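A short write-up of the structure that comes next.
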Protein chains: 2
Amino acid sequence: MSNVKALPLLEPETPAPTPAPTSTPTSVAPCCPPLNERPLTADEAERTAAMFKALGDPVRLRLFSLVASHEGGEACVCDISDVGVSQPTVSHHLKKLREAGLLASERRGTWVYYRVEPSVVAAMGAMLGAAAPTGMPTGTG
Amino acid sequence: MSNVKALPLLEPETPAPTPAPTSTPTSVAPCCPPLNERPLTADEAERTAAMFKALGDPVRLRLFSLVASHEGGEACVCDISDVGVSQPTVSHHLKKLREAGLLASERRGTWVYYRVEPSVVAAMGAMLGAAAPTGMPTGTG
DNA sequence: CTTCTATGTTGACGAATGTCAAAGCAAGTG
DNA sequence: CACTTGCTTTGACATTCGTCAACATAGAAG
């Protein structure tokens with residue numbers, strides 16, 4: 001597994017891909033608290049922004065969505081050919097997503113498969129989800 | 001980027017009275033399905049990526065977190081002065097966050113207050129949360 | 001080994017971005 | 001009105017980013 005230097009955003013304490021759909025107590029060890037808990041420090045912001053930045057490009061977002069929604073939870077690069085950019089550019093963006101920790105790649109024979117890193121994405125969702133409660137404590141409305 | 005208007009990410013079905021220099025959508029009507037439901041279209045990706053991109057900068061993320069975590073759910077620009085950049089730059093980033101629909105601003109007398117747009121942030125969290133099935137963040141508080 | 005297919009990497013280039021200094025608007029005070 | 005404070009806009013700059021063409025690498029097949 002050629003693992004590029006993934007961002008140390010959260011600690012990958014779960015090496016297993018956890019294929020069990022059951023409610024596994026996957027310890028989502030996010031680097032940062034919810035965005036509305038306290039102001040992020042400069043370092044926290046630096047690391048977290050790198051993740052959001054990775055999804056801040058339309059092509060990358062399509063690639064990520066393509067992988068995330070693909071059958072089996074993973075997609076081969078060969079499955080990707082309609083995102084509007086050349087193949088080298090696709091590879092470039094996949095690398096970015098990998099470096100951000102959002103995707104993981106694995107070579108199986110001729111093809112390379114990409115799959116989503118659930119914990120990292122969950123951590124991002126947690127930061128956002130808690131930052132937007134359905135009922136804001138706004139007095140005046 | 002001359003697109004200086006709130007992104008049509010979610011449909012403002014409730015015509016807010018626009019008390020602020022920016023429109024204020026107030027309803028959770030996400031533009032897009034969870035990222036693992038189906039591949040996003042080019043248009044969906046374009047709109048959604050703009051939001052993630054807004055949080056893809058460390059300074060903006062700190063500003064957002066600062067506003068989101070501030071007492072009362074809103075913060076005056078005067079409360080912000082330790083993010084490491086000059087005041088005009090702060091204003092610039094706040095504008096970006098406003099244009100992305102993540103923040104709303106309102107002038108009250110001398111000061112300008114910024115607050116989080118819960119629906120937009122919730123929409124982002126929903127897209128991510130559902131894309132990471134393994135690992136529910138709601139554990140021990 | 002040679003050849004073919006599938007991906008990744010390198011180098012280059014235009015466009016977008018983040019930053020600040022300076023000037024400009026808005027609101028309060030005397 | 002002049003003066004002060006708070007925030008935004010403008011203009012300029014260096015850096016980063018997204019993109020492609022060309023080349024390089026990894027397996028598979030003969």
Side-chain angles (χ1 to χ4, degrees), chain A residues 1-6 42 45-46 49-64 66-67 70 74-100 103-115, chain B residues 1-5 7 19-22 42 45-46 49-64 66-67 70 74-100 103-115:
Chain A
M1 298 179 191
S2 45
N3 192 357
V4 290
K5 58 168 195 176
E46 197 89 30
M51 297 193 309
F52 284 109
K53 189 185 216 171
L55 292 182
D57 180 85
V59 174
R60 279 199 294 270
L61 198 56
R62 289 189 76 184
L63 290 175
F64 182 85
L66 205 116
V67 171
H70 203 264
E74 63 182 13
C76 167
V77 182
C78 59
D79 295 326
I80 305 168
S81 52
D82 59 339
V83 288
V85 295
S86 66
Q87 196 278 322
T89 302
V90 168
S91 186
H92 168 72
H93 283 306
L94 287 174
K95 182 181 181 181
K96 286 289 191 77
L97 288 168
R98 218 188 330 146
E99 289 174 0
L103 292 183
S105 65
E106 181 186 0
R107 173 157 224 146
R108 287 208 292 274
T110 305
W111 294 282
V112 176
Y113 292 83
Y114 281 81
R115 78 188 113 80
Chain B
M1 189 194 311
S2 306
N3 192 0
V4 185
K5 56 186 67 175
L7 293 169
T22 57
E46 197 88 31
M51 299 192 307
F52 285 107
K53 189 184 216 171
L55 292 182
D57 181 86
V59 174
R60 279 200 294 271
L61 199 55
R62 289 189 76 183
L63 290 174
F64 183 85
L66 206 119
V67 171
H70 203 263
E74 62 181 13
C76 168
V77 181
C78 58
D79 295 326
I80 305 167
S81 52
D82 58 339
V83 289
V85 295
S86 65
Q87 203 281 322
T89 302
V90 168
S91 187
H92 168 71
H93 283 306
L94 287 174
K95 183 180 180 181
K96 285 290 192 77
L97 288 168
R98 219 189 329 143
E99 289 173 1
L103 292 183
S105 66
E106 181 185 0
R107 172 157 225 143
R108 285 207 294 275
T110 304
W111 296 281
V112 176
Y113 291 86
Y114 281 81
R115 84 186 99 85

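Numbered from 1 within each chain, the chains take letters A, B, ... in sequence-line order. Treat the numbers as computed from the prediction; the structure is a model and nothing was measured.
Distance from the side chain of A:V85 is smallest to D:dT19 among D:dT19, C:dA22, C:dG8. When distances run from any side-chain atom of B:R60 to the nucleotides D:dC20, D:dG18, C:dG18, the shortest one goes to C:dG18. Proximity note for A:P88 (side chain, C-beta onward) versus D:dA22, C:dT19, C:dA22: the nearest is D:dA22. Distances from the side chain of A:R107 to the nucleotides C:dT9, D:dG27, C:dA21 place D:dG27 closest.
Note that CD of A:E106 is 14.5 Å distant from CH2 of A:W111, once rounded to the nearest 0.5 Å. Separation of atoms CG (A:L63) and NE2 (A:H92) is listed at 11.0 Å; rounding is to 0.5 Å. With rounding to the nearest 0.5 Å, the separation of CZ in A:R60 from NZ in B:K53 is 9.0 Å. Distance CG/A:D57 to CZ/B:F52: 12.5 Å, rounded to 0.5 Å.
Put simply, A:R108 has no side-chain N or O that comes within less than 4.0 Å of OP1 or OP2 on D:dG27. Taking only side-chain nitrogens and oxygens, B:W111 never comes nearer than 4.0 Å to OP1 or OP2 of C:dA27. A:T89 has no side-chain polar atom (N or O) that falls below the 4.0 Å cut-off from OP1 or OP2 of D:dT19. An OP1 or OP2 oxygen of D:dC17 is reached within less than 4.0 angstrom by no side-chain nitrogen or oxygen of A:K96.
Residue B:V90 is classed as having no contact, given no heavy-atom separation below 4.0 Å to the nucleic acid. Contact annotation for A:H93: backbone-only contact, meaning every heavy-atom pair under 4.0 Å involves sugar-phosphate atoms and none involves a base. Within 4.0 Å (heavy atoms only), B:T110 reaches sugar-phosphate atoms of the nucleic acid but no base atom.
Mapping B:V112 and A:S86 onto DNA chain D by nearest heavy atom places B:V112 closer to the 5' end of the strand. Of the two residues contacting DNA chain D, namely B:Y114 and A:K53, the nearest-nucleotide position lying further toward the 5' end is that of B:Y114.
D:dG6 atom C1' lies 13 Å from atom CG of B:L94, rounded to whole Å. Protein atom CZ of B:R98 is 6 Å distant from nucleotide atom P of D:dT9, rounded to whole Å. The distance from atom CG of B:L63 to atom C1' of C:dG18 is 13 Å, rounded to the nearest whole Å.
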TODO: Could you please spell out the steps behind the salt bridge (Lys or Arg N to Asp or Glu O under 4.0 Å) verdict for A:R108 and A:E74?
DONE: CA-CA 12 Å; A:R108 287 208 292 274; A:E74 63 182 13; 2.4 Å; yes
